[in-house]
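Start at 1 and go down the list; that is how both ligands and their atoms are numbered.
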Amino acid sequence: MTFEELQIDEKLLEAISYMRFEKASPIQEQAIPLALEGHDLLACAQTGTGKTATFLIPILQDLVKNGSQGFTSLIIVPTRELAIQIDQELQGFSYFTDTTSKAVYGGDKGTDWDSQKLAFTEGTNVIIATPGRLMAHLRLGYVSMKNLRHLVLDEADRMLDMGFIDDIRQILSYVPPKRQTMLFSATMAPEIQKLATTILHEPKIVSIAIAKPAEGVKQSAYMAYPHQKVDLITHILEQNPDYDSIIIFTSTKKNIHSIVSAIKKKIRNVTIDGISSDFEQAEREEVLLRFRAKQTRVLVATDVLSRGIDIKGINLVINFDVPRDAADYVHRVGRTARADAKGEAITFISDLDIPKFHKIEHLIERSVDKVPLPQELGEAPEWKEYQPKPKIHHGSNQKNGGKRKFFYRKKKNGSKENKGKVE
Ligand code: ADP
Ligand code: MG
């Protein structure tokens, strides 16, 4: 489906074409017409499928068609990076319109607070905000929501994971009841459905099936003990000199520094940075900017970066460890080979990670090639094929996006036997 078929304003069509969007993605094709009709929306599709445009285009169309007086549209997002990214995409789509917008997020200098306050008091049309900072402004009493007609919760699953539910509920108490509400999530976890029933009014539901890494991604894995992993990275980087944009994912923030410094010691002149939620805001932006500009070849990151953030042209994703949550594998691998490009994803599996990798293979419905470790790195742990155990519901991880369900099950059935199977 082309965007022309959506019957939206010429000004938007022109901007869309400048942004080189030719065909609507599946979520866009299904959800944009419903949103244009003014319905509330619960939309579920994995990372990288074009959810941002799915809510921005209908919002902008409404503003162009029905006027944009004051603060009309609020988009709530989990992270500052995402707020900035959405604001940039919005500026692209709204280039030929009068729409004004502002990203509002915390952790910065006082001047930013003032410019954010000004955005509210001057009636900027679209505010893209993180929950904590938005609440801080709301409490001070100068934010008027009387013109508000669109509310978007983007990455709602991530926001729940990050514990923003109380902030969100408080924010909702400020928002006028008559509005269009759109809730976006990468997973249809039960918590999301619950949230949806409390904030959406007769929503249309669009859910695009999860979650196989794109065809263009070559996936493989090495069995490796933890002490072999840095040497293995060195080997891979040396084997692929033309890969200029590489992300190494690790589940633990505290690993980042040690991985970065170990690789620096092994490879002379490598450009490498680390990034995690522990970094200062300015530092994170700086690191991302350098990586996007390809001044940094290798970025070591936690899963915070695996969702939402869009970076083009990543050649290779290395999973330094197997993600706890099988869905995070899909998110991580989805950082490469975006929009039909080619890419590669390599996962390091230690002996303890084998059960977690089985769950991933189950989720993506295929087995991933296990490449033998280079001889000079020594003996690798042995891969074990999966032995199905009848009591476990293998589908549960897929349905629930993981964590909460496991936590619950572990608590309830804390026997050794069960733990072994679940983890
Ligand atoms: P999601 O929110 O689902 O993770 P995004 O909205 O961030 O995905 O989109 C991912 C990338 O795909 C972005 O770079 C976006 O500009 C691009 N994109 C989205 N829709 C289209 C489209 N219809 N045609 C081309 N590129 C698109
Ligand atoms: Mg998104």
Of all the atoms in ligand 1, which lie at a distance below 4.0 Å from a heavy atom belonging to [X]?
| X | result |
| --- | --- |
| Phe3 | 23 (N) |
| Gln46 | 3 (O) |
| Lys312 | 14 (O) |
| Lys23 | 22 (C), 23 (N), 24 (N) |
| Thr49 | 1 (P), 3 (O), 8 (O) |

Checklist entry - Does the distance from a Lys or Arg side-chain N to an Asp or Glu carboxylate O, for Asp231 and Lys266, drop under 4.0 Å? => result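 A salt bridge links Asp231 with Lys266.
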Item to check | Electrostatic pair Glu361:Lys370 at N-O distance under 4.0 angstrom | outcome: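 Yes, this pair counts.
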Next on the checklist: Check for me whether Met19 has a heavy atom closer than 4.0 Å to any atom of ligand 1.
Outcome noted: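 Met19: no contact with ligand 1 (<4.0 Å).
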Item to check | Contact with ligand 1 for Phe184, non-hydrogen, under 4.0 angstrom | outcome: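 Phe184: no contact with ligand 1 (<4.0 Å).
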Item to check | Option whose closest heavy atom lies nearest to atom 6 (O) of ligand 1, chosen from Ile86, Thr54, Thr52 | outcome: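 The nearest heavy atom belongs to Thr52.
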Checklist entry - Between the candidates Phe21, Phe55, Phe93, which shows the shortest non-hydrogen contact distance to atom 15 (C) of ligand 1? => result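 Answer by nearest heavy atom: Phe21.
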Item to check | Identified salt bridge (charged side-chain N to carboxylate O under 4.0 Å, His left out) counterpart of Asp273 within the set Arg284, Arg290, Arg297 | outcome: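 Of Arg284, Arg290, Arg297, salt bridge (charged side-chain N to carboxylate O under 4.0 Å, His left out) with Asp273 is met by Arg290 alone.
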Checklist entry - What residues, two or more places apart in sequence or in another chain, satisfy salt bridge (charged side-chain N to carboxylate O under 4.0 Å, His left out) together with Asp9? => result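 Lys11.
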Checklist entry - Do Arg20 and ligand 1 have an N or O pair less than 3.5 Å apart? => result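 So ligand 1 has no N or O lying under 3.5 Å from an N or O of Arg20.
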Checklist entry - Can you pull the salt bridge (charged side-chain N to carboxylate O under 4.0 Å, His left out) pairs that have at least one residue in residues 34-56, sequence neighbours excluded? => result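 For residues 34-56: none.
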Next on the checklist: Would you say NZ of Lys294 has more than 12 non-hydrogen atoms from neighbouring residues, nucleotides or ligands within 6.0 angstrom?
Outcome noted: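 It does: Lys294 NZ has more than 12 such atoms within range.
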Checklist entry - Hey, are the side chains of Leu63 and Arg149 touching, using non-hydrogen atoms and a 4.5 Å cut-off? => result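 Leu63 reaches Arg149 side chain to side chain.
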